[in-house]
Each structure stands twice: as structure tokens, then as C-alpha cells.
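Data first, discussion second: the structure below is written as C-alpha cells.
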Amino acid sequence: MKNKNTKYIPREIEKKWQEIWERHNLYGSDLSKSNKYYVLAEFPYPSGDLHMGHWFTFCGADIYARFKRMQGYTVFFPNGFDAFGLPAENAAIKRNIHPRDWTMSNIKRMKEQFATMGGSFTYDHEVITCLSEYYKWNQWIFIEMFKKGLAYRAKTMSNWCPVDQTVLANEHVVDGLCWRCGAEVVQKEVEQWFLRITAYADRLKWPENPSVDWPESVRRGQNDWIGKSEGAEVEFGVENSELSIKVFTTRLDTLYGATFLVLAPEHPLIAKIVSEKQKKTVEAYQRETEKKTELMRKETRVKTGVFTGAYAVNPINKEKLPVWVSDYALITYGTGALFGDAHDERDSEFAKRYGIALKPTVITGNREKDGRILSLKECFTGYGTLVDSGEFSGLASMTAKKKILEKLVKNGKAKPYVTYHLHDWSVSRQRYWGTPVPMIHCRNCGIVPVPEKDLPLELPYEVDYAPKGKPPLASNIEWMRTKCPKCDETAKRDAETMDTFVDSSWYFLRYLDPKLKDAAFDKKRSAKIMPVDIYFGGAEHTLGHTLYSRFFTKFFYDLGMVDFEEYAKRRVNHGIVLGPDGEKMSKSKGNVVNPDAEVAKYGADAVRVFVAFFMPYDGTGPWISDRIWGAYRFLERVWKLKEKADDHKMDRQDLLMMHKTIKKVGGDIAGIKFNTAVAALMEWLNYLSRKAKNKKQKVSWEEYRVLLILLAPFAPHMTEELWQRFLVKPPPSFLSVHCQKWPKYDPKFLEEEEATIVVQVNGRVRDSVKMQNAKCKMQNYVEEKARESERVSKHLEGRSVKKVIYIEGKIINFVTED
RNA sequence: GGGCAAGUGGCGGAAUGGUAUACGCUGUAGUCUCAAAAACUACUGGUCCAAAAGGCCGUGUGGGUUCGACUCCCUCCUUGCCCACCA
């Protein structure tokens, strides 16, 4: 009679073990232990359904977490939900369901889906950002920043999405379109809250050799985004006026070549200096550029502009320069004003277009650097020699910059000036589903923070959240009306909510104790468990989320709340699982692969193994469901192999294979190369089953035991089942395979008994010869042996050997005369 | 326009400057079966050859360095991602 237990049926074992693990609190972290290891994966947005991308990310993180746990670390691997945000509100409007209800039911559903994965998440540390127990601390942090002058209100031109009716950060304007809804973004002047991230620009800049292990692409990307430019602010007097125009430049060495000035259309001085004659033209131009959306500005690279009728005076040589207005000068960069000269391509283009006679260049070539003459273009970018520059002629650019600055500073006409590409972080959102800004607007006292004892300032459930161009919270008049904490007069609340990136900027600290009542996070625990040891996430968060988190961390550091300035020791970017059509998965395209069906068909373990195996973790490629069969077959073969296991003794080759695999799998997991780790396991399995078949040998229990341990992070359920059935006897208590110690390889077993030496003639492989390890130390012997080969001697016939290259134990190459 | 990454069989992908194509998928043939599926076994880059042995060609293109190059250097082409008037 056939025993039905001999068949591998995933659905019969997976749920069972998930429940047993939870019952035994297998993945609970004893946070009092000292050998901590914090594994973090970016928490998901509860959009409704888990998709393959989530599996890809979280399986990777889980494999790694399991691996570290088996290495003896106390692994802290929490999960949560980034639960505030626009989609909830949009879904609410569309389907007439409250954002909170929509979000919470999605979370419930996604948690069920997460459970099928068999992830080793640390229980009871869940963070859900839309709960007031969490966002209370967003508010607290906001007020702390306000007190330190880091949160402030300002009026600016902002990216405005007319469909979502909200302000967008620069990084959420993609090709001039809203990243969420795809509507064309327009410019609109609004007053809103900013966080002064620029105050941390210098500290956010990555040093050459940072103490933490983050991908170079992320570090470079952030540094470019911060875009620190050191230069000078030069004052150009305005002719027949007391006014002066402050111009930012990084190229003081070209100051003698200045031919004209350009002001950004939004520059406040324009109205004061414009001539009567030009007034109409200039104002028309200003109106026109105001209407231009970012998309239009980008598309028309042709530089347009108008003359103001005014002239400025170059402080270095008293030359008279016409002042123009053009939108290629950006009000947000430097001082919103620049001087044009022949060295800069854009300036030249602009001058040519409007018939401004450019002064000749004042930088010349003929300069050597690193033993070669530089091109003129290179000289223009900072390595030339000055000519026609008065007393500074003949100086190298670098020196001239310093000397000219010195002189201008002495005359009070310039000062060193540093500007950044990074702007302050606009955090106001005119939407409902977010953290209410904890501020009160009082007629007498101005802006007053909500007192700490009144936090959290709860988001009211009842509001009209349909977009009307004003924040939805403003529609709840009762909520809006309050009293000023200072003067007790009637006052108004702030109707705006915070950007959800505030939520995700510190959630990893809240994980430590999500229920903590009297502080944002547990300082003592943080000292123990932070920083995060490894952080898995998407490359798209290089300029957003991960930069903001670093900013928050540095702010906490300044408040003395944490004792580190970088919150994650290592950052790993994951790739993207595309739909089967090779396109990015999206609901509108209908190519979203839901893991539920795959799990039902193949079991979670096979899906996990396949997800780990089918492409490198940082790769991007389409999901091809049929191929999961390969992973399933692999697991089934492991399952069946147990029938071949007995007390067989391992020979030298067996030991070699086992230790090689231990080394490879451990090394690959540590290096986030899950695909080759699985391949190594497959290879070893091929070896084991071949030996079980061909040689009529059995597989030893030791081999089977190690195989299950190495496979456990990838296929946690089936390895546990096999472990419990065959390797725990009899079970005195619950001894999980996941609590086993990760095996160590012994280098003494890694040596091959026989060395295989590849023989080449003139670099072409002709044969390979085998010999005992010891013998390959003797080149003469190897050479003799190689010449004995018929295939080799055939190619050496009639040729004289000029040279023999021998790389010990690897290759021997005969090089002939001809 | 700038920056970064990458181009390897029919496909996903492996390869510290040292036997290119590991591992998996697919395909072909076979074993088993009344049959099919599954499983198992063998083969599976191209080309010359009846076949085998063997030879030649093969990692986007063209060059270079080297005894030896997917790997290092230069040219060009292509694709992807990110940024984009930054004075």
C-alpha cells in the first residue's frame, strides 16, 4: 500500500508550519540580546493586492533574514504599512468608500497574502502610519522642527496638479506630468510648509569613503541632487540707480569677459529697473513664462528673452552691461541672476539669438595638465589661463578665481557664496488622507503649534474629501475652529496634511516599539538595535525617501535622540519584476501578476525558490509563470531524495561537493546573489541524485541534513516538514530547521584530489590532463605530461616551442615560434 | 544635452584575465505506459563532414594590451534607467 505521506503536496504542509511557527514565536526577537541584526525592507503601500514585485523584494529580505538567524544573530525583521496617501483618497472618491476603511481592509487582505509567503517577520512590531498612535509623532517631530526653524511657511511657485488638486514635489513631476495621475502639472503660487533640508545639505553629502555600505549609484545620485556649487555672489551696480544686482557665479575667472546680465523672469528687481520703453515687453514676457509649465520649458530648449532697457556695471572693470530677462535663468538657483559671456554655451546661444555682441573669451588654452595640452573646451571649464583680464592676465583659472574674489571682497563687491540644487522640502498637501499639520493660525499670535498634551491631533473621519481646490479638512468647520493656545482667542487649524514621505522618514525607528506612548521611539532600544544592518528597497527612492530618512536621522542626532548619523549600514537596491508582456506591472495595463494563483498552483516554496532563482536580485525582467515548474521539480527531487538517505559514509568527493556548496551558498546569500545560490544547490542535488543512481551508493544523512539547512531560507516549509519527519527523532520539543546553525565549510575539504590542467597551444585549448595535486607543483612533470597528449602533440608537431606559460594547477600554454 | 548601467545560445541567465554558455526553461530522441501525463535517461551555440574523430567560427561593432580577453583600454552602435537650461 502506498503511503500518501511520501508525496510532496505543498498545500498540505505550508499552512500547518506557518501556524506552528507563529505558535512557537519562532521569529520573535528577544530585543534584550546583544547580537542583534536588523533586516529592513521598505514597507509596502496598501494598494489592495500583493503583487510579484512585493514577493521579489520580501523573499530576498526573508532569505537574508533567515540566513542571519541561522548564523546565530537575533534578527529583527519587522514589517508594516505606509498607509497614508493619495490612492486611498482617489479610490474613495471613485467608489464612495472612506479612505480609512479602504486602507484598513487592504491591509487586512495584504497581511493574509503576506502570511502565505511564510516570511519570518518579527511579530507584534507592526507599524501602520495612518493610525494616530503613529502620526502623533509625525506631528511631534514637525513641531520640534518648527521650534528649531526647520519647518517654515513660505509662498512660492509650486508644481500644482490640477486633477489631484495638490502641490507636488519636484521629484514627483515626471516629464511635466503628475507621477500619480499623469495630468499636466502647472505652476501656481501657494503658501505652504517647507522643511529646511537644505540646512543639512552639507551633512547629507556623501564623503568619498563613507562608513556605511550604500551603492555608489545612490551616493552619487544623492550628491548630484544636492548639487553643491561653491562660488561667489558678485554685486553689479545698476546704472543711474542706487540699486545693485547680486549675481551668483562659480566662474569668477571669466568676470572680465562678462557681456550681459540675465535675470530670471520672477526676479523682484525687474520691476524696479525696467525702462519705460521696455516695460510692456518685459511684463508680457513675464506673464508668458509664468504660464509655461515645466514640460513646455523643457521642450523648447530655445532660449527666449527680452531686454529690460537697464544697464549694469561690472564691478571689476566698470564696463556697462545690458540687463536681460530670460527663463533660462532660474529663480530657484543661485541668486536668480547670472552674467553672460562667450565661455558658456547657453550664454553664447542666447547672445547670438538676440544680437548681443559678445566680448572675446578671456580664457585661453595652451595649458598642460597631466602631461597633455588641454582642449579649449576643457580650458573653459576651469583649467585655462586668463588673458585680457587686467592685472589678473596670465594667471591660471584656479588662482585667478581666488585673487579676483579677494579683490572684490576688499571692495565690498562680492562674497563667497554656496548654492545648492537641492531645495527645501515642500511638505504641504491639500488633501485629506495624511497627517494633519499640528499648527494653529491665530489672528493675534500668528502661527502657534498645537501643545504637546493635545497630540495627536486626530484626523477627523467626517470630511468632504472631493477635490475643490481647497483642502478637504477646511470643509469640516467644527474641526477647523479651535482656540489659540497662547491667547485663548478663537483661531483656525491648519487645513493641510503632510507629504507621506514624512511618514516613511522614520518608521524604522518606530518599529522598535510601535505602541510606545510617551516618545516617538524607544531611545534605549534604538541604541541597542539601530542602525539598520541591511535595508532592501527600490532604486527609485534614491532622491526621495532614503534622502529624507537620512535628513530625519541627522535631525534626531542633533536632538540627542540617536547616537548615529546614518540609519542604515547597508543599502541593497532590488530590481523590478515586469509583467509577462515585458511592461511595468500596472493595474491599467492589466498585466499585474498576483502571487495567490501561483502559490495555489505550485506552493509558496516553489514560488520563493523561483523568485530567488529567475534573475539577479537587482535585475529587471518579465515574469514567466510556466518556468516555476523548474523550481517545483527541484523541490520535489529534494523531497524524493530522502528515500536514498541512510548511514552511508561520505567519500572525499562527497565532502568536497558538500563543503563547496556550503561555501558558495553562504557567500552568495551574503552577497545578495540568490540566483547563483539556488543554482549551487541544484548542482549539488544533481550530484547527489546521480550518485544515488549510478554508483548505487546512498546519500548520507549528513548530506541530506546539510542540504535541508542550506535550502531552508529559500524553501522554509518543505525543509521544515522533512526535517521534522526524518531528522528529529523523537521530538522532545519543537526543534525547527530554521533554528539550526548554519554550517561552516572546512577549507581542507575544498581541495580537489586530482588537479585538472588545461593544455593550450598558442592560447587555444587542445586538451586537459589530470594528475595528483602534489605533482602539479613540478612544471617539468606537467609539461612532460601535457606533451604526451596526442591532441597536444599533434598541434606541436613541426613547431618549435618558444615559451611555456604555466599557471600552477590551472593551465599550461605552449607558445610556438610562428 | 549630461550621468550611470548593460549588450553572452531559441529564452531567463553563469563565469577572481585562465576549458565561455554553470543552473534552469524550451526542444529532440528514448525508457515506462493500452495510451497520455508525470517521472527518469541522453542530447540540445553555429558551421564543415554521411557519421565519428576532428577542424574552424562564436560573448553588440571595429581596434589595442596580453602567452591567453565576456572580463582591462580606446572607437562606434544599441538598449535601459536616472537627471536635465545649475550660471
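Chain identifiers are assigned alphabetically (A, B, ...) following the order of the sequence lines, protein sequences preceding nucleic acid strands; residue numbering begins at 1 within each chain. Everything numeric in this text was worked out from a predicted model, so none of it was measured. The figures here come from the full heavy-atom set of this structure, side chains too, leaving out hydrogens, waters and symmetry mates.
Comparing B:rU44 with B:rA37, their P atoms sit 23 Å apart, to the nearest whole Å. Across the P atoms, B:rA29 and B:rC77 are found 46 Å apart, a figure rounded to whole Å. The same atom, P, is picked in B:rA35 and in B:rU26; the two are 24 Å apart, to the nearest Å. A gap of 32 Å separates the C1' atoms of B:rC49 and B:rC25, to the nearest Å. Between B:rU8 and B:rC72, the two P atoms lie 16 Å apart (nearest whole Å). Across the P atoms, B:rU78 and B:rG55 are found 39 Å apart, a figure rounded to whole Å. Spacing of P atoms, B:rA6 relative to B:rA15, comes out at 13 Å, to the nearest Å. B:rG62 and B:rC67 have their P atoms separated by 23 Å, given to the nearest Å.
Residue A:Thr620 has no polar side-chain atom (N or O) positioned under 4.0 Å from OP1 or OP2 of B:rG80. For A:Arg766 and B:rU19, the shortest distance from a side-chain N or O to OP1 or OP2 is not below 4.0 Å. Applying the 4.0 Å criterion to OP1 and OP2 of B:rG24, one finds that A:Asn686 has a side-chain N or O inside that range. When the side-chain nitrogen and oxygen atoms of A:His795 are compared with OP1 and OP2 of B:rG55, one or more of them lie within a distance under 4.0 Å.
Using bins of under 30°, 30° to 60° and over 60° for the plane-to-plane angle, the ring pair A:Trp629/A:Tyr632 lands in the perpendicular bin. Using the six-membered ring where Trp is involved, A:Phe614 and A:Phe56 have ring planes that are perpendicular, over 60° apart on the 30 and 60° scheme. By the 30° and 60° cut-offs, the orientation of the rings of A:Tyr417 relative to A:Phe248 is tilted. Classification of the A:Trp225-A:His421 ring pair by plane angle, with boundaries at 30° and 60°, yields perpendicular. Relative orientation of the A:Phe714 and A:Phe674 rings is perpendicular, given thresholds of 30° and 60° on the angle between their planes.
Base pairing analysis places B:rA42 opposite B:rU28; the two distances defining the Watson-Crick or G-U wobble pair are each below 3.5 Å. The pairing partner recorded for B:rC70 is none, the criterion being a Watson-Crick or G-U wobble arrangement whose two distances lie under 3.5 angstrom. The pairing partner recorded for B:rU78 is B:rA6, the criterion being a Watson-Crick or G-U wobble arrangement whose two distances lie under 3.5 angstrom. Across all strands shown, B:rU16 forms no Watson-Crick or G-U wobble pair with both distances under 3.5 Å. Partner assigned to B:rG1 is B:rC83, using Watson-Crick or G-U wobble distances below 3.5 angstrom. Across the strands present, B:rU59 finds no partner; the criterion is a Watson-Crick or G-U wobble pair with both atom distances under 3.5 angstrom.
In the set B:rA87, B:rU19, B:rU26, B:rU26 carries the atom at the smallest distance from any side-chain atom of A:Arg633. Here the side chain of A:Met682 is nearest to one of B:rA39, B:rA14, B:rG24, namely B:rG24. Comparing B:rC25, B:rA87, B:rA22 by their closest approach to the side chain of A:Thr249 singles out B:rA87. When each of B:rA20, B:rG24, B:rC83 is scored by its nearest atom to the side-chain atoms of A:Val765, the top-ranked nucleotide is B:rA20. The side chain of A:Trp225 lies closest to B:rA84, out of B:rA87, B:rC23, B:rA84. Side-chain proximity of A:Glu683 to the nucleotides B:rA39, B:rC85, B:rC23 is greatest for B:rC23. Between B:rG12, B:rC40, B:rA84, one nucleotide has an atom nearer to the side chain of A:Arg627 than all others, and that is B:rG12. Closest to the side chain of A:Arg637, out of B:rC85, B:rC40, B:rU19, is B:rC40. Each of B:rA39, B:rU19, B:rC56 was ranked by its minimum atom distance to the side chain of A:Arg764; first place goes to B:rC56. Side chain of A:Thr676, nearest nucleotide from B:rA14, B:rG12, B:rG54: B:rA14.
Heavy atoms from other residues, nucleotides or ligands lying under 6.0 Å from CZ of A:Arg353 number more than 12.
Using a 4.0 Å heavy-atom distance criterion, A:Pro622 is classed as making no nucleic acid contact. Counting any heavy atom pair closer than 4.0 Å across all strands shown, A:Ser768 reaches no nucleic acid atom. The residue A:Ala539 sits apart from the nucleic acid: no heavy atom pair falls under 4.0 Å. Across all strands shown, A:Gly305 has no heavy atoms under 4.0 Å from either base or sugar-phosphate atoms. In this structure, A:Thr756 reaches the bases: a heavy-atom distance under 4.0 Å links it to at least one base atom across the strands shown.
Scanning both residues, A:Val815 and A:Ile805, for their nearest heavy atoms gives CG2-CG1, 4.4 Å. Between A:Leu405 and A:Lys415, the shortest heavy-atom distance links the atoms CD1-C, 4.3 Å.
Here the C1' atom of nucleotide B:rG12 and the CZ atom of A:Phe674 are 18 Å apart, to the nearest Å. A:Lys663 places its NZ atom 11 Å from the C1' atom of B:rU16, with the value rounded to the nearest Å. In this structure, A:Tyr632 places its OH atom 14 Å from P of B:rC25, rounding to the nearest Å. The interatomic distance linking A:Trp629 (CH2) with B:rA37 (P) rounds to 14 Å, in whole Å. Remark: C1' of B:rU21 and CG of A:Asn675 are 15 Å apart, rounded to the nearest angstrom. Computed from coordinates, the A:Leu547 CG to B:rC82 C1' distance equals 15 Å when rounded to whole Å. Atom C1' of nucleotide B:rG12 and atom CE of A:Met615 are separated by 10 Å, given to the nearest angstrom. For the pair A:Leu330 CG and B:rA84 C1', the interatomic distance rounds to 11 Å; values are reported in whole Å.
Taking for each of A:Asp626 and A:Thr332 the nucleotide of RNA chain B with the nearest heavy atom, the 5'-most of the two is the partner of A:Asp626. Between A:Phe614 and A:Lys810, the residue anchored nearer the 5' end of RNA chain B, judged by the nucleotide with its closest heavy atom, is A:Phe614.
Taking the O4'-C1'-N9-C4 or O4'-C1'-N1-C2 dihedral as appropriate, B:rG30 has a value more than 90° from 0 and is therefore anti.
Looking at A:Leu422 and A:Leu547, their side chains come closer than 4.5 Å, going by heavy atoms from C-beta outward. Proximity of A:Lys359 to A:Glu319: side-chain heavy atoms (C-beta onward) are separated by under 4.5 Å at one or more points.
The base of B:rC4 is not paired with the side chain of A:Arg220 by any donor and acceptor separated by under 3.5 Å.
In this structure, A:Arg608 contributes its side chain and A:Cys59 its backbone to no donor-acceptor pair below 3.5 Å.
To the nearest 0.5 Å, the span separating CZ on A:Phe814 from CZ on A:Arg766 amounts to 13.0 Å.
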Check nucleotides 63-67 of chain B against the protein and report each pair of N or O atoms closer than 3.5 Å, with its distance, or say if there are none.
residue, atom, partner, partner atom, Å
B:rC67, OP1, A:Lys803, NZ, 3.4
B:rC67, O2', A:Asn813, ND2, 3.1
B:rC67, O2, A:Asn813, ND2, 2.6

